[in-house]
**Q** 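I have a structure here, written as structure tokens, and I will follow up with some questions on it.
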Amino acid sequence: MRKDFWANLPKDILLVGVLSVGMGTAASVVFSGGGLGTPLLGSTAGALLGSAVSSKQKEQQKLEIRECQLRLQELEKQLDTQLNFKQLKTQLIRLKDQVESLEQKQLNLGEVEGKLTQKQSELQEVQGRLTLLKQEKQDLEDRVNTLHQNHPNLSELEQLSNQLSQLRLEKNQLEGQITALQSQNQNLQAVEQSLREIQANYIVKNVELQQLIADIANKQEETKTLEKRTVELELIRATYDSLSLETQESQTRINQLRPEIYSLEAEKQRILQAIQNHTLDYQQIERDKQRIRSLSFELREKESQKRELEQIVQELEGQQSVVMGKVEALKAEKEELQEEINQMRKSTENTEASALQSLQDHLWTPNSNPEWNPNPPEKAFLDGFMQYLKAKGLAFPRRVVYAFHTSLKVQDISALVILAGISGTGKSELPQRYADFIGAQRLTLAVQPRWDSPQDLQGFYNYVEKKFKPTDLIRGIYQYNHDPVMKNRIVLVLLDEMNLARVEYYFSDFLSKLESRRSSPTFLELDVGSLPIPEAQRKLEIPKQFLFVGTMNEDETTQTLSDKVLDRANVLTFGKPKTLQLSKTRTTEDQRPVYVSYSSFEQWFKTPDQNSDVIEKVKDYLDQANNIMESIGHPFAHRVYQAITQYVINYPGVSDSNSEEFRFALVDQFAQKLLPKLRGLMIDDYQEELNKFASLIEQLGDASLTEAFIKARGSRSGQFEWKGLIYPEEE
């Protein structure tokens with residue numbers, strides 16, 4: 001039942017306070033809810049107050065104190081004789097009940113004191129009225145004497161006599177009320193004194209109880225060993241007999257107090273009836289609340305089912321797109337095969353000149369007259385690119401743009417930029433817009449799940465037709481080498497959904513050649529069978545102007561990347577957005593592209609200075625990280641150190657080791673080069689090493705990296721599951 005329900009009871013309901021101790025001792029105090037204008041206390045209420053509070057309560061309190069003392073003595077004896085702990089626990093609960101009863105009495109004492117104050121105030125008012133009546137009586141007597149002296153009129157005298165009788169009657173009534181109030185005041189004072197004694201005894205008993213609890217705690221260990229001894233059965237039996245005797249005595253007391261209990265029970269029933277009238281309303285409210293909670297729970301379940309269905313639909317759509325891609329690829333392959341069959345029917349021989357004819361098939365239309373910017377400042381270029389994205393209605397965090405741009409700059413050592421994440425986060429949009437803004441030629445390769453060899457990326461020689469079947473990548477490299485207009489122009493190659501197939505199967509050989517571009521010109525040799533084609537035509541140089549970017553969707557249709565690929569790539573993670581938003585509105589600002597040639601692009605590249613404070617700070621961090629990773633069994637060598645150093649030096653805005661850009665660049669490389677090496681590590685086996693790594697990450701002071709590390713470390717599988725660094729969104 002709610003506590004505020006009692007405050008809403010009608011004022012005419014009598015307040016009944018029941019003070020009970022033990023197994024049936026009870027006393028009641030009844031106060032009227034009326035004001036001064038109603039009878040203050042009748043003879044029955046005064047008698048009940050006097051008897052229940054002054055006599056029975058005192059006697060019962062003395063009995064209760066005596067019983068507490070006897071029980072404490074019994075408990076001490078039982079502890080001395082090593083009584084079973086379960087019995088002590090039961091008696092301790094009874095003592096707690098008595099303590100709670102004493103606390104209830106203390107609360108009732110406060111109520112009695114409040115009523116006493118009220119009655120004293122009423123007594124003062126009655127005494128004031130009595131004084132006024134005495135004054136009126138004196139005035140009437142003076143008038144009677146005057147009338148006797150002045151030969152009064154008998155009719156007026158009779159009226160005055162009647163008034164005097166009525167006033168005397170009121171006086172007697174008020175004197176009776178005063179006498180009752182004085183008696184009540186004395187009784188209340190006695191009750192107050194008795195309750196103060198009870199309060200003092202309660203404090204003493206509470207102290208004794210706390211001491212008893214402490215003694216019991218000290219005896220618990222001894223009691224555990226004593227429970228195993230069978231000798232105590234006799235002591236338990238004796239204790240049981242004593243408790244049975246106590247129960248009989250308590251039953252006798254209950255029988256003696258039962259008449260009073262019945263009377264109190266009748267009063268209780270009357271109050272409960274009034275309470276029940278309000279309880280029905282409260283129960284209805286509780287049922288309504290329960291119904292609301294049930295409906296809320298059902299709503300949450302429906303929403304959860306809706307999200308699950310939406311996810312299933314997305315998965316099915318993804319699978320559908322994969323299947324449709326396969327269907328389109330098969331259709332294209334069918335058309336190619338049909339075309340080959342038709343060509344084979346027309347001619348059975350082929351010349352050396354036509355063997356490589358497919359390489360010359362038109363691939364792109366180069367911009368013959370671009371407005372090249374000869375020496376654009378890198379910072380101005382990036383600011384312009386951010387404005388260009390905004391004008392196109394796109395929003396990428398500046399750290400993502402800087403990380404992508406820097407990764408392209410250092411492709412001589414990290415030959416691939418991988419954009420990973422869930423579908424629909426702009427992984428393909430960013431490199432396409434970058435190519436448009438910088439004036440680069442785009443070359444998109446849609447990776448197919450059936451790719452399982454280097455020929456799928458580079459093409460193959462058809463021995464039946466005696467023709468080379470190139471891919472768009474090989475055609476692009478061939479035409480770039482043979483087209484003077486394309487010289488000094490950047491080509492951005494995009495491997496879309498590159499992990500639909502195993503990257504190691506089709507890209508590993510080509511990736512190794514890309515890595516060797518930094519030291520010397522690197523060539524691809526075309527397989528043309530036994531045709532006598534000059535070596536100069538069979539060998540294609542991989543231009544350093546070709547920048548390679550791959551996208552990865554993280555779902556059930558994709559393959560994971562090996563350490564070999566990750567060591568030679570920079571991986572940017574596009575995570576789930578914190579809030580879903582509609583596409584931003586395209587602005588009307590005319591932000592034109594800034595065409596940059598490859599020679600100008602190269603001017604932004606910086607060579608590390610061994611004596612700079614930036615290099616020293618990077619080396620200090622990496623030495624600490626390498627020591628930790630060596631103890632784990634995953635150390636790294638010079639190549640990783642050189643790749644990280646070049647990335648940090650070439651990150652836009654890095655001037656010294658105290659700049660914010662330095663911290664951003666180093667955080668990027670921790671996330672792209674070091675932490676992926678810990679994938680699959682059993683967390684419980686390397687807690688100390690992971691704690692050291694966490695401390696090192698805290699020194700970098702990047703909240704996103706710290707959050708990603710904690711998430712990888714707290715996986716349910718018990719292994720370190722690195723999911724990449726999610727860059728914070730910008731407002």
Side-chain angles (χ1 to χ4, degrees), residues 307-308 311 314-315 318 397 399-400 403 407 414 416-425 427 497-504 550-578 621-622 624-636 640 644 666-700 702-729:
R307 289 193 294 269
E308 292 176 357
Q311 184 176 3
Q314 291 178 357
E315 293 174 356
R399 287 183 61 179
V400 171
S407 299
S414 297
L416 178 64
V417 183
I418 299 176
L419 308 180
I422 60 178
S423 179
T425 52
K427 301 185 299 298
E497 299 193 45
M498 64 179 300
N499 62 334
L500 282 178
R502 296 289 297 183
V503 179
E504 294 78 8
T551 65
M552 289 174 47
N553 277 337
E554 295 180 350
D555 54 37
E556 72 283 352
T557 66
T558 60
Q559 306 289 339
T560 58
L561 300 179
S562 66
D563 287 342
K564 176 183 178 181
V565 177
L566 290 174
D567 285 345
R568 291 160 176 78
N570 284 324
V571 183
L572 278 70
T573 305
F574 288 67
K576 177 184 74 65
K578 293 184 177 179
Y621 274 110
L622 294 184
Q624 297 182 57
N626 206 10
N627 291 334
I628 299 173
M629 297 183 70
E630 182 180 13
S631 62
I632 295 175
H634 295 278
F636 56 86
V640 174
I644 294 176
L666 196 56
V667 165
D668 288 350
Q669 291 298 283
F670 263 73
Q672 297 175 12
K673 297 288 187 185
L674 303 184
L675 291 174
K677 293 181 176 292
L678 304 182
R679 293 174 306 172
L681 193 71
M682 298 306 296
I683 297 173
D684 293 338
D685 297 339
Y686 296 96
Q687 288 288 354
E688 182 178 356
E689 290 79 2
L690 291 176
N691 289 335
K692 292 180 181 179
F693 221 121
S695 300
L696 182 60
I697 289 175
E698 289 180 0
Q699 294 179 23
L700 296 175
D702 188 84
S704 299
L705 182 62
T706 302
E707 181 181 355
F709 182 81
I710 293 174
K711 185 177 181 180
R713 187 177 178 181
S715 66
R716 297 181 179 179
S717 64
Q719 298 180 351
F720 190 87
E721 297 183 0
W722 179 250
K723 299 296 185 181
L725 174 64
I726 306 299
Y727 293 96
E729 299 178 1

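Only this structure's heavy atoms are used, side chains among them; waters, hydrogens and symmetry mates stay out. Residues take their numbers from the sequence shown, with the count starting at 1.
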**Q** Has Trp722 got a side-chain atom pairing as donor or acceptor with Ala671's backbone, closer than 3.5 angstrom?
**A**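 Checking the backbone N and O of Ala671 against the side chain of Trp722, a donor-acceptor pair under 3.5 Å is found.
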**Q** Is there a donor in the side chain of Gln669 and an acceptor in the side chain of Gln672, or the other way round, less than 3.5 Å apart?
**A**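 Checked: Gln669/Gln672 side chains pair up, N/O donor to acceptor below 3.5 Å.
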**Q** Centres of the Phe720 and Phe693 rings: under 6.0 Å?
**A**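 Phe720 vs Phe693: aromatic centres not under 6.0 Å.
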**Q** Ignoring hydrogens and angles, tell me if any N or O in the side chain of Lys711 forms a donor-acceptor pair with the backbone of Glu721 under 3.5 Å.
**A**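 No: the side chain of Lys711 does not pair with the backbone of Glu721.
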**Q** What's the shortest heavy-atom distance between Ala708 and Gly724, and which atoms?
**A**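 For Ala708 versus Gly724, the nearest heavy atoms are CB-O, 3.8 Å.
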**Q** Ignoring hydrogens and geometry beyond distance, is a side-chain donor-acceptor pair present between Asn627 and Lys692 at under 3.5 Å?
**A**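 Their side chains do not contain a donor-acceptor pair, so the 3.5 Å distance test is not met.
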**Q** Within a strict 4.5 Å, meaning less than it, do heavy atoms of the Leu725 and Val667 side chains meet?
**A**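 Heavy-atom side-chain distance check passes, below 4.5 Å.
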**Q** Between Gln719 and Ser715, is any side-chain donor less than 3.5 angstrom from a side-chain acceptor?
**A**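 Side-chain D/A pair, Gln719 to Ser715: absent.
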**Q** Got a donor-acceptor contact below 3.5 angstrom from the Arg679 side chain to the Pro676 backbone?
**A**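 Yes, the answer is positive, given that a donor and an acceptor are paired below the 3.5 Å cut-off.
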**Q** Distance-only, no hydrogens or angles: does the Ser414 side chain make a donor-acceptor pair with backbone N or O of Arg568 under 3.5 Å?
**A**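 No, the answer is negative, given that no donor and acceptor are paired below the 3.5 Å cut-off.
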**Q** Okay, side chain of Asn626, backbone of Phe636: is any donor-acceptor separation there less than 3.5 Å?
**A**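 Between the backbone of Phe636 and the side chain of Asn626 there is a qualifying donor-acceptor contact (under 3.5 Å).
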**Q** Is the side chain of Lys427 donor-acceptor paired with the backbone N or O of Leu572 at a distance under 3.5 Å, no angle test?
**A**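 Side chain of Lys427 to backbone of Leu572: no pair is present.
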